[in-house]
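Everything on this sheet refers to the single structure shown next.
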Amino acid sequence: MTLNDENVLAAHLISVADGVPEETAARIGEIGTETVADAVLKEIAWRAGYGARPGQPVTAVFELTHEGKQLDYLVTFGADDPAIAPGTLEDPWLVVRQDLVELLRAVYGPPDAALGTRAITIKDEPGPGSFAPDDPWRLARDAAAVAADRIVTACRPHHYDLDALSLHFGSDKWGGHWYTQHYERHFAPLRDSRIRILELGIGGYTAPDVGGASLRMWKQYFRRGLVFGLDYFDKSGIAEPRLQPLRGDQGDPAFLDGLGDSLGPFDIIIDDGSHISGDVIASFGALFAHLRPGGLYVVEDTQTSYWSGWGGSSTATDDPATTIGYLKTLVDALHHQEFEKESGRAAGAFDDWIGALHFYHNIVVIEKRRNAEQSAPSWVPRHTNPMEWMKPKE
């Protein structure tokens with residue numbers, strides 16, 4: 001299992017954008033100037049689709065310069081399927097002029113990428129024919145102004161609200177559930193980072209071109225991220241730049257291990273798959289090793305841990321064969337240094353890497369980091385009541 005061609009290019013561009021401008025310029029030549037320009041403009045057009053839309057489609061002229069040459073492109077905003085093609089217009093409503101290196105770094109580079117060459121011009125002649133709010137010239141210019149705003153927003157590290165993104169893309173992580181408030185708390189520090197995120201479960205059941213709402217949400221939120229979705233059914237129809245669907249069984253540890261070897265390590269893994277306890281446990285056991293230190297592993301919809309039809313139990317709630325019962329064992333892993341030596345507890349597979357656990361209603365976030373904090377000194381007694389131990393000696 002490998003990156004598809006679009007994601008190979010996206011990963012390359014994100015890497016290239018990290019360098020100083022001189023390094024970025026040199027590496028653009030290795031990829032191909034037109035290839036870079038086309039890919040960056042596609043990303044801008046996709047991002048610009050979120051938020052306020054122009055009242056009517058607007059075709060903007062992009063005049064991009066690189067090493068003394070100018071590349072002209074036409075990009076239509078406000079249409080259901082934005083068109084991107086080489087070319088220019090004699091009298092455009094909107095013109096964007098910018099150095100290609102700077103544009104690439106603005107879209108895919110670090111949040112402190114400098115802007116110094118961009119110029120945006122909105123046509124302001126000959127003026128409206130009347131003061132009526134529906135004057136055609138006025139409507140066209142208002143649409144151009146909205147398109148310009150969407151372009152500017154798409155080219156900067158804009159911090160999107162996850163609640164609104166969930167509603168826009170049709171994900172049930174806000175509204176159907178109330179998860180995005182927790183995601184915002186844990187994911188916000190990573191939103192400007194180069195990351196790889198894997199979500200188990202794409203949605204849409206058997207239809208190959210349906211589903212992926214939350215994957216698109218992550219793609220918009222993590223502007224420098226590659227997003228992978230795994231589903232039991234074929235979901236090849238939802239593929240797009242920076243979003244790659246995968247097909248496989250989340251209950252198959254060998255398959256998941258191979259997936260992690262070929263596409264990982266991941267910075268975030270989200271289990272929104274079958275929600276069957278056996279699958280949840282198998283997925284964690286196989287994929288946690290492919291989560292980068294400092295990364296986050298999320299298990300959603302843990303209510304099924306209490307439902308017998310899903311491999312759970314409302315009576316044997318500590319059973320490690322259920323999702324919550326298993327996750328409770330990670331609390332012991334977090335504190336493995338504190339067990340009395342004679343307890344007989346065997347070392348757990350994840351003792352050294354459970355850094356923190358956050359339990360919320362129906363969702364759990366696990367932080368992977370070195371678990372090496374020291375226990376109390378050996379001279380502090382473990383088998384004596386502390387009140388007895390602290391009494392003055394006679």
Side-chain angles (χ1 to χ4, degrees), residues 47 49-52 111 153-154 156-204 211-230 242-243 250 266-275 277 280 283-284 287-288 291-292 294-307 310 312 317 322-324 326-328 330-331 334 354-369:
R47 294 184 191 180
Y50 175 75
T153 300
R156 68 183 181 195
H158 185 70
H159 295 160
Y160 292 99
D161 176 80
L162 268 177
D163 299 350
L165 284 178
S166 179
L167 294 173
H168 174 80
F169 289 107
S171 168
D172 67 354
K173 297 188 192 303
W174 182 252
H177 301 290
W178 307 103
Y179 296 159
T180 50
Q181 58 185 324
H182 308 307
Y183 281 124
E184 187 71 56
R185 179 181 298 113
H186 294 284
F187 288 3
L190 298 173
R191 59 191 168 195
D192 289 323
S193 301
R194 291 171 54 187
I195 71 164
R196 293 191 177 204
I197 178 170
L198 169 66
E199 181 161 10
L200 312 181
I202 293 176
S214 61
L215 301 181
R216 297 184 187 95
M217 178 179 74
W218 302 131
K219 177 181 171 181
Q220 187 81 304
Y221 187 77
F222 295 108
R223 67 186 184 90
R224 309 178 72 208
L226 297 182
V227 180
F228 302 93
L230 175 68
R242 294 201 299 118
L243 192 165
Q250 77 162 114
F266 301 102
D267 301 274
I268 296 171
I269 299 173
I270 300 169
D271 186 347
D272 187 18
S274 73
H275 309 307
S277 287
V280 173
S283 297
F284 183 85
L287 288 173
F288 193 70
L291 184 67
R292 196 186 305 277
L296 300 167
Y297 195 107
V298 183
V299 181
E300 290 190 2
D301 294 349
T302 54
Q303 69 272 15
T304 61
S305 181
Y306 303 100
W307 300 348
W310 300 64
T317 55
T322 67
T323 296
I324 290 294
Y326 177 80
L327 293 174
K328 287 177 181 178
L330 300 184
V331 177
L334 178 64
I354 300 297
L357 295 151
H358 307 267
F359 284 78
Y360 306 98
H361 185 234
N362 293 341
I363 183 172
V364 179
V365 180
I366 303 140
E367 296 183 35
K368 182 176 182 177
R369 47 186 163 85

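Values reported hereafter were calculated over all heavy atoms of this structure, with side chains retained and with hydrogens, waters and symmetry mates removed.
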Given side chain to side chain contact (heavy atoms under 4.5 Å, CB included), test Thr317 with Ile324 step by step and report yes or no. CA-CA 7 Å; Thr317 55; Ile324 290 294; over 6 Å; no
Non-hydrogen atoms of [X] and [Y] that approach each other most closely:
{"X": "Ser171", "Y": "Ala213", "value": "N-CB, 3.7 Å"}
{"X": "Leu167", "Y": "Trp174", "value": "CD2-O, 3.8 Å"}
{"X": "Arg369", "Y": "Ala356", "value": "NH2-CB, 3.6 Å"}
{"X": "Pro189", "Y": "Ser193", "value": "O-OG, 4.1 Å"}

Side-chain contact test, heavy atoms from C-beta onward, threshold under 4.5 Å: evaluate it for [X] versus [Y] and give yes or no.
{"X": "Tyr179", "Y": "Asn362", "answer": "yes"}
{"X": "Arg223", "Y": "Pro111", "answer": "yes"}
{"X": "Thr153", "Y": "Tyr160", "answer": "yes"}
{"X": "Phe228", "Y": "Leu226", "answer": "yes"}
{"X": "Leu200", "Y": "Ser283", "answer": "yes"}
{"X": "His186", "Y": "Ile268", "answer": "no"}
{"X": "Ile354", "Y": "Ile366", "answer": "yes"}
{"X": "Val227", "Y": "Phe222", "answer": "no"}

Aromatic ring pairing Tyr50/Phe169, orientation class (parallel under 30°, perpendicular over 60°, tilted between):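 Rings of Tyr50 and Phe169: parallel, as their planes differ by under 30°.
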Got a second to check how far [X]'s [atom1] is from [Y]'s [atom2], nearest 0.5 Å?
{"X": "Lys328", "Y": "Leu357", "atom1": "NZ", "atom2": "CG", "result": "13.0 Å"}
{"X": "His177", "Y": "Ser166", "atom1": "NE2", "atom2": "OG", "result": "10.0 Å"}
{"X": "His361", "Y": "Gln303", "atom1": "NE2", "atom2": "CD", "result": "7.0 Å"}
{"X": "Ile269", "Y": "Leu287", "atom1": "CD1", "atom2": "CG", "result": "5.0 Å"}
{"X": "Arg191", "Y": "Gln220", "atom1": "CZ", "atom2": "CD", "result": "13.5 Å"}
{"X": "Ile270", "Y": "Tyr297", "atom1": "CD1", "atom2": "OH", "result": "10.5 Å"}

Look at the side chain of [X] and the backbone N and O of [Y], then say whether any donor-acceptor pair between them is shorter than 3.5 Å.
{"X": "Thr304", "Y": "His275", "result": "yes"}
{"X": "Gln250", "Y": "Leu230", "result": "no"}
{"X": "Asp267", "Y": "Gly295", "result": "no"}
{"X": "Ser277", "Y": "Thr323", "result": "yes"}

With respect to Phe359, which candidate in Thr302, Val365, Val299, Val331 satisfies the side chain to side chain contact (heavy atoms under 4.5 Å, CB included) definition?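 When side chain to side chain contact (heavy atoms under 4.5 Å, CB included) is applied between Phe359 and each of Thr302, Val365, Val299, Val331, only Val331 qualifies.
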Checking side chain to side chain contact (heavy atoms under 4.5 Å, CB included) against Tyr221, which of Leu162, Asp161, Thr180 comes through?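 Of the listed options, the one satisfying the test is Leu162.
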So does Arg224 pair up with Asp192, basic N to acidic O under 4.0 Å?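 No, no charged N to carboxylate O under 4.0 Å.
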Verify whether one side chain among His358 and Glu367 offers a donor that lies under 3.5 Å from an acceptor in the other.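 Indeed, the side chains of His358 and Glu367 share at least one donor-acceptor pair under 3.5 Å.
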Might you work through the side chain to side chain contact (heavy atoms under 4.5 Å, CB included) test for Phe284 and Asp271, ending with a clear yes or no? CA-CA 9 Å; Phe284 183 85; Asp271 186 347; over 6 Å; no
Working for side chain to side chain contact (heavy atoms under 4.5 Å, CB included), residues Arg185 and Tyr360: CA-CA 12 Å; Arg185 179 181 298 113; Tyr360 306 98; 3.4 Å; yes
What about the rings of Trp218 and Tyr183, do their centers lie closer together than 6.0 Å?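 Yes, close enough.
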For Phe288, does the six-membered ring have the charged nitrogen or CZ of Lys368 within the cation-pi criterion, i.e. under 6.0 angstrom from the centroid and within 45° of the normal?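 Cation-pi check for Lys368 and Phe288: passes.
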Per the salt bridge (charged side-chain N to carboxylate O under 4.0 Å, His left out) rule, which among Asp163, Asp301, Asp272 passes with Lys173?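 Exactly one option meets the salt bridge (charged side-chain N to carboxylate O under 4.0 Å, His left out) with Lys173, and it is Asp272.
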